[in-house]
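Data block below; observations after.
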Amino acid sequence: YRSWGDLRDSFHRVICQLAIKNPDFIFYIKCHPQQIVSKFPDSLSSLANVRIIKGAPKGIPSLLSQSVVVIGFQTTALLEASLAGVPVVYGAWGDLFDVVKPYLLPWHESGFGFSWARSEYELEKSALNFINDDSENKEDRDRLKEYFYKSNGNVTARFLKEIKAVVEE
């Protein structure tokens, strides 16, 4: 029996470690709107600097504009973050991933501008690289806030509309 539970648990452990090591940062876990959230580990949900967001709240674009890095797996939210100029770490590994990789969104392939973490260790290391490199990314983030602070969460839809217009020309 194969499940994505091991990968999810790895993400939870990494976020927990990052939150403990970086108490001045707020860490948001954004659940997919269709995700049925059972329970997050107490070690994660009890941390004062961890927030769990359920459903599809409208404030996500403003969170993106203030984000240092976004980590995730198989979500178009990674594309939205990337298009907003936020560094993205795509975490994907394990036996199940290796089997179904041809059927997934190809975020692990080059050309999307994502960093691909192939293990729990790489996920934490990659995220820490962005967290600790605040000075280099601050100017870019400030510029992005200026342009994207009123984003309505439809960056992907607007992007695809533009691609369609170019293709149809």
Side-chain angles (χ1 to χ4, degrees), residues 1-110 112-134 137 141 144 151 153 155-156:
Y1 177 74
R2 293 183 174 158
S3 159
W4 291 112
D6 291 340
L7 184 62
R8 178 206 57 220
D9 293 346
S10 288
F11 270 76
H12 289 172
R13 281 190 297 274
V14 166
I15 295 167
C16 185
Q17 288 304 309
L18 291 170
I20 289 168
K21 293 176 183 176
N22 299 278
D24 294 336
F25 282 81
I26 302 294
F27 293 83
Y28 292 92
I29 299 173
K30 168 64 178 83
C31 302
H32 189 278
Q34 297 171 344
Q35 179 180 353
I36 299 171
V37 181
S38 52
K39 187 176 181 195
F40 286 88
D42 288 339
S43 59
L44 182 64
S45 59
S46 66
L47 294 171
N49 59 337
V50 172
R51 311 283 190 278
I52 298 172
I53 302 171
K54 302 174 185 176
K58 298 197 183 293
I60 298 304
S62 65
L63 287 178
L64 280 179
S65 71
Q66 299 172 38
S67 295
V68 174
V69 63
V70 171
I71 65 172
F73 172 76
Q74 283 301 295
T75 171
T76 56
L78 299 177
L79 179 59
E80 282 209 48
S82 183
L83 290 172
V86 179
V88 171
V89 179
Y90 174 70
W93 61 85
D95 293 340
L96 180 55
F97 172 73
D98 291 337
V99 170
V100 300
K101 183 173 19 179
Y103 309 102
L104 299 175
L105 294 169
W107 300 149
H108 53 281
E109 296 176 3
S110 64
F112 291 99
F114 299 173
S115 298
W116 178 17
R118 295 169 177 85
S119 69
E120 186 172 330
Y121 171 78
E122 284 185 20
L123 184 64
E124 182 174 359
K125 182 179 174 188
S126 294
L128 274 173
N129 285 341
F130 289 109
I131 290 170
N132 293 329
D133 195 14
D134 191 50
N137 298 316
R141 279 198 317 275
L144 286 168
S151 177
V155 173
T156 303

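Values below: all heavy atoms of this structure, side chains included; hydrogens, waters and symmetry mates excluded.
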For a side chain to side chain contact (heavy atoms under 4.5 Å, CB included) check, start with the C-alpha distance between F97 and D6, then their side-chain angles and the critical distance, and finish with the verdict.
CA-CA 11 Å; F97 172 73; D6 291 340; over 6 Å; no
Can you name the closest pair of heavy atoms from [X] and [Y] and give their distance?
| X | Y | value |
| --- | --- | --- |
| L79 | F114 | N-CZ, 3.9 Å |
| F73 | G91 | CD1-O, 3.2 Å |
| L47 | A19 | CD1-CB, 3.8 Å |
| H12 | P41 | ND1-CD, 3.6 Å |
| V69 | A127 | CG1-O, 4.3 Å |
| W93 | R118 | CB-O, 3.0 Å |

Euclidean distance, [Y] [atom2] relative to [X] [atom1], rounded to 0.5 Å:
| X | Y | atom1 | atom2 | result |
| --- | --- | --- | --- | --- |
| I53 | K30 | CD1 | NZ | 7.0 Å |
| F40 | R8 | CZ | CZ | 8.5 Å |
| Y28 | N49 | OH | CG | 10.5 Å |
| F11 | C16 | CZ | SG | 15.0 Å |
| I29 | I71 | CD1 | CD1 | 8.5 Å |
| I20 | I15 | CD1 | CD1 | 12.0 Å |

Any [X] side-chain heavy atom under 4.5 Å of [Y] side chain:
| X | Y | result |
| --- | --- | --- |
| L105 | Y90 | no |
| V14 | L18 | yes |
| N22 | N132 | yes |

Of all pairs that satisfy salt bridge (Lys or Arg N to Asp or Glu O under 4.0 Å), the ones with a partner from residues 123-132, not counting sequence neighbours:
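Found K21-E124.
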Taking the side chain from S67 and the backbone from L63, do they hold a donor-acceptor pair closer than 3.5 Å?
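Yes; judged by distance alone, with no hydrogens or angles, the pair exists.
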Heavy-atom donor-acceptor pair, W116 side chain to A92 backbone, under 3.5 Å
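Side chain of W116 to backbone of A92, a donor-acceptor pair under 3.5 Å: yes, one is there.
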Restricting to salt bridge (charged side-chain N to carboxylate O under 4.0 Å, His left out), what partner residues turn up for R13, sequence neighbours left out?
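Counting only residues at least two positions away or on another chain, R13 forms a salt bridge (charged side-chain N to carboxylate O under 4.0 Å, His left out) with E120.
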Restricting to side chain to side chain contact (heavy atoms under 4.5 Å, CB included), what partner residues turn up for A81, sequence neighbours left out?
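With neighbours one apart ignored, the set is L64, V70, V86, V88.
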